[in-house]
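Step one of this worksheet: look at the structure below.
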2 protein chains.
Amino acid sequence: MGDPEPPRAAGRDAAGTRSALVRAARRRFATEGYRGATVRTIAADAGVNVALINRYFGSKEGLFEACLRRSVDQLDPQGRTAPGDLDRVVTRVVGHLADLPNADDPLQLLLLLRSSGDERADAIRRRMLEHHTEQFARVAGWQPDDPATAPLLLRAQVALGSVLGLVMLRTAIGVQPISSASADELVATLGPLLRTLLAP
Amino acid sequence: MGDPEPPRAAGRDAAGTRSALVRAARRRFATEGYRGATVRTIAADAGVNVALINRYFGSKEGLFEACLRRSVDQLDPQGRTAPGDLDRVVTRVVGHLADLPNADDPLQLLLLLRSSGDERADAIRRRMLEHHTEQFARVAGWQPDDPATAPLLLRAQVALGSVLGLVMLRTAIGVQPISSASADELVATLGPLLRTLLAP
DNA sequence: CGTCCAAGTAAACAACTGCTGACTTGAGTC
DNA sequence: GACTCAAGTCAGCAGTTGTTTACTTGGACG
């Protein structure tokens with residue numbers, strides 16, 4: 001069950017410790033949920049003393065927030081997706097779904113479905129999901145200042161919700177047949193769906 | 001936070017107590033997850049002594065399994081959906097999504113996304129999700145003994161996953177705009193999606 | 001070398017978790 | 001009315017949880 005990090009580089013490196021904790025926490029939070037993950041296992045995974053969680057993040061809740069914020073920074077690393085990028089978005093999304101073993105990204109998506117029960121963290125989570133919705137909507141031609149394109153937001157969110165549901169089924173639950181479906185099969189099934197929803 | 005049941009009928013009614021516990025537990029498990037829900041709050045919601053959970057269900061885990069099994073019995077109460085019922089299925093599914101306040105059903109679907117960490121309960125959950133997948137697939141023309149129709153299973157599961165993802169976004173997370181979307185809007189957006197996936 | 005301070009450690013606390021065992025209460029039967 | 005047994009109560013145990021506190025270690029600087 002334990003899946004400890006490879007031995008960390010130096011003995012004394014605050015920044016390294018912080019990031020090791022966040023990396024371990026994201027894995028645990030995403031796979032076992034907020035309550036299911038314990039500070040002790042997270043610290044053990046990171047190869048670090050438990051007390052450092054409180055030292056660096058104030059509380060377990062603070063660590064969870066840090067995980068969410070790191071997701072914010074990682075997604076859409078630079079620039080916004082532009083309208084007309086439909087094919088690129090589709091292949092990227094399906095790629096995330098298909099390559100789950102090596103990629104770190106499915107965990108990132110799963111994290112968005114976990115609740116800590118704390119209202120502030122949940123607000124961050126909602127904001128991130130709405131941000132993703134807007135990114136999808138932009139592909140479909142949505143423009144923030146054009147009310148006529150507002151309905152595209154709902155369509156984009158349905159697309160996002162579909163992807164999240166599939167990540168859940170395939171990665172976290174492991175239900176058949178989707179868990180053992182190939183990338184090609186996923187493209188063939190999910191692709192048209194996304195195209196229909198996001199077509200301008 | 002506490003949302004206790006209305007006062008139960010009689011003082012001594014084992015069957016009534018059992019069902020009150022299951023009803024309260026389903027709400028808590030679905031909304032707060034397995035670890036987040038505590039036996040004490042569940043018992044309090046049901047207006048019942050904590051020890052009765054262990055008496056009637058052996059353990060918290062046993063109560064969780066009972067919740068899953070009750071879902072099995074409730075869904076598809078009689079008869080299987082037949083091919084060609086596409087319209088009926090679509091309106092029923094969307095209805096579940098739209099009427100969430102009064103209906104008890106969204107909780108049932110959410111429950112399928114919660115994990116207790118116990119392998120036996122997770123197996124039940126997987127089996128139920130696969131059962132739902134087959135029900136969907138049947139509508140699309142899938143037949144268990146005809147290998148040529150096997151690909152329909154994956155399409156049906158994508159449909160199911162989409163619905164589950166949307167329930168999560170709308171009911172559990174409360175993200176906008178889908179949380180305040182009307183039934184008509186949902187039909188207009190989700191309907192074509194399901195029709196595309198499940199069309200024969 | 002001695003000083004200083006951040007980085008890291010160890011041990012314990014208080015609260016909460018699921019669960020148990022001995023007990024009391026109620027209703028039906030003779 | 002006494003007996004019986006299931007239904008329900010109560011108090012507490014043993015383990016785990018997040019967190020804190022006092023302590024030790026390591027390296028940079030004078």
Side-chain angles (χ1 to χ4, degrees), chain A residues 1-2 4-5 7-25 28-29 31-67 114-121, chain B residues 1-2 4-5 7-25 28-29 31-67 114-121:
Chain A
M1 181 68 59
E5 296 268 318
R8 298 198 301 115
R12 305 211 140 200
D13 174 12
T17 299
R18 284 181 61 106
S19 97
L21 277 173
V22 169
R23 232 172 320 131
R28 290 286 180 179
F29 284 144
T31 56
E32 307 179 8
Y34 179 77
R35 312 250 177 171
T38 75
V39 289
R40 278 175 234 268
T41 63
I42 290 172
D45 287 355
V48 145
N49 191 284
V50 204
L52 296 181
I53 288 181
N54 299 93
R55 173 192 272 274
Y56 290 131
F57 301 97
S59 65
K60 181 188 186 183
E61 186 64 44
L63 175 58
F64 184 66
E65 278 194 36
C67 292
R114 305 298 192 179
S115 168
S116 71
D118 178 79
E119 188 44 49
R120 205 168 73 239
Chain B
M1 181 73 54
E5 296 268 317
R8 298 200 302 114
R12 304 211 141 202
D13 174 12
T17 299
R18 284 182 62 107
S19 97
L21 277 173
V22 169
R23 233 172 320 133
R28 290 285 179 181
F29 284 144
T31 56
E32 307 179 9
Y34 179 77
R35 312 248 179 175
T38 75
V39 289
R40 280 177 233 266
T41 63
I42 291 172
D45 287 356
V48 147
N49 192 283
V50 203
L52 296 181
I53 288 180
N54 299 94
R55 172 190 274 273
Y56 289 131
F57 302 97
S59 65
K60 181 188 185 184
E61 187 63 44
L63 176 58
F64 184 67
E65 279 195 35
C67 291
R114 305 298 192 179
S115 169
S116 72
D118 177 78
E119 189 44 48
R120 205 168 73 239

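Chain letters run A, B, ... following the sequence lines, proteins first, then strands; residues in each count from 1.
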Restricting to side chain to side chain donor-acceptor pair (under 3.5 Å), what partner residues turn up for [X], sequence neighbours left out?
X      : result
A/S59  : none
A/R120 : A/E65
A/T41  : A/T38
B/S116 : B/E61

Residues that A/R55 engages under salt bridge (Lys or Arg N to Asp or Glu O under 4.0 Å), provided they are two or more places apart: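 Once residues adjacent in sequence are excluded, A/R55 has no partner under the salt bridge (Lys or Arg N to Asp or Glu O under 4.0 Å) criterion.
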Return the set of residues passing ring pair (Phe, Tyr, Trp, His ring centres under 6.0 Å) with A/Y34 (not counting sequence neighbours), or none when no residue passes. A/F29, A/F64
Contacts of type ring pair (Phe, Tyr, Trp, His ring centres under 6.0 Å), residue A/Y56, not counting sequence neighbours: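 Listed in chain order: nothing, the list is empty.
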Atom pair distance, as rounded to whole Å: [atom1] in [X] and [atom2] in [N]:
X     : N      : atom1 : atom2 : answer
B/F57 : D/dG8  : CZ    : P     : 12 Å
A/D13 : C/dC5  : CG    : P     : 21 Å
A/I42 : D/dT19 : CD1   : P     : 11 Å
A/L52 : C/dA6  : CG    : P     : 15 Å
A/R18 : C/dA7  : CZ    : P     : 10 Å

One character per nucleotide, please: for nucleotides 11-21 of chain C, 5' to 3', B when the base has a protein heavy atom closer than 4.0 Å, S when only the sugar-phosphate does, - otherwise. -B----BBBBB
How does protein reach along nucleotides 22-30 of chain D, written 5' to 3' as B (base within reach of a heavy atom under 4.0 Å), S (only sugar-phosphate), or - (no contact)? ---BB----
Can you give me the closest heavy-atom contact between B/A46 and B/A20, atom names plus distance?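 The pair with the smallest heavy-atom distance is CB-O, 3.7 Å.
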